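What follows is a set of notes on a single structure, which appears directly below.
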Amino acid sequence: MQDMLLQVTRWLSPYLAEIAMTLVATILVVYGDVANKQIKAMLSPYHFVLRTLVFVLICAFGYGAFILFVTPFIKDLLVMIPSLYRGVVIISSFLLLGYLAEQRRYI
């Protein structure tokens, strides 16, 4: 059993940066609407042009910057997990995000 768990980790290890970015992007997809609703509520009293400009800036640069800055942190967290469990944790993380997406009725 340990050999199988270590093999899964070996398969996934070269892609930890991509896996971390995918996890962060998936979290944004599942919970981005919550942030957008908060931003919309804060900007509602302002003029349409300003609301549109801020929305574009937050979507284009804010979410992009979030992905760029949080991805290395997630990768470092993944590296800290013992090799025996790393593959299982990665797969479980994606399954958990899928479950959370299902709970929010995205699937």
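Keep in mind the model is a prediction, meaning the values are calculated, not measured. The first residue in the sequence is number 1, and the count goes up from there.
Here Gln103 contributes atom CD and Leu96 contributes atom CG; the two are 10.5 Å apart, rounded to the nearest 0.5 Å. Note that CE of Met4 is 11.0 Å distant from OG1 of Thr9, once rounded to the nearest 0.5 Å. Note that CE of Met42 is 13.5 Å distant from CZ of Arg51, once rounded to the nearest 0.5 Å. In this structure, the separation between CG on Leu100 and OG1 on Thr26 is 11.0 Å, given to the nearest 0.5 Å. The line from CG of Asp33 to CG of Leu28 is 11.0 Å long, rounded to the nearest 0.5 Å. Here the CE-CD distance, from Met21 to Glu18, works out to 6.5 Å after rounding to the nearest 0.5 Å.
Listed by chain and number, the residues in a side chain to side chain donor-acceptor pair (under 3.5 Å) with Tyr46 amount to none (sequence neighbours excluded). Residues passing the side chain to side chain donor-acceptor pair (under 3.5 Å) test with Gln7, sequence neighbours excluded: Arg10.
Enclosure of atom CZ in Phe55 is not indicated, since only 12 or fewer non-hydrogen atoms of other residues, nucleotides or ligands lie within 6.0 angstrom.
What you find for Leu12 and Ile19 is that their closest heavy atoms are O-CD1, 3.8 Å. Nearest heavy-atom pair across Leu23 and Ile74 is CD1-CG2, 4.2 Å.
When the side chains of ILVMFWY residues are joined at heavy-atom separations under 4.5 Å, either directly or via intervening members, Phe48 and Ile58 end up in two distinct hydrophobic clusters. The hydrophobic clustering, which links ILVMFWY residues whose side-chain heavy atoms are closer than 4.5 Å, places Leu50 and Val56 apart. Two different hydrophobic clusters hold Phe69 and Phe61 under the rule that ILVMFWY side chains link at heavy-atom gaps under 4.5 Å. A continuous path of hydrophobic side-chain contacts links Leu78 to Met80 [ILVMFWY only; heavy atoms under 4.5 Å]. Tracing side-chain contacts under 4.5 Å through hydrophobic residues (I, L, V, M, F, W, Y), one reaches Val88 starting from Leu95; they form part of the same cluster.
In this structure, Arg104 contributes its side chain and Tyr31 its backbone to no donor-acceptor pair below 3.5 Å. Of the possible polar contacts, one joining the Ser44 side chain to the Ala41 backbone as a donor-acceptor pair under 3.5 Å is found.
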*asked:* Evaluate Leu97 against Val29 for side chain to side chain contact (heavy atoms under 4.5 Å, CB included), listing each step before the verdict.
replied: CA-CA 10 Å; Leu97 286 172; Val29 167; over 6 Å; no

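Looking only at side-chain heavy atoms (C-beta outward), Arg86 and Val8 stay at 4.5 Å or farther from each other. Within the 4.5 Å cutoff, the side chain of Leu68 has no heavy atoms near those of the Tyr63 side chain.
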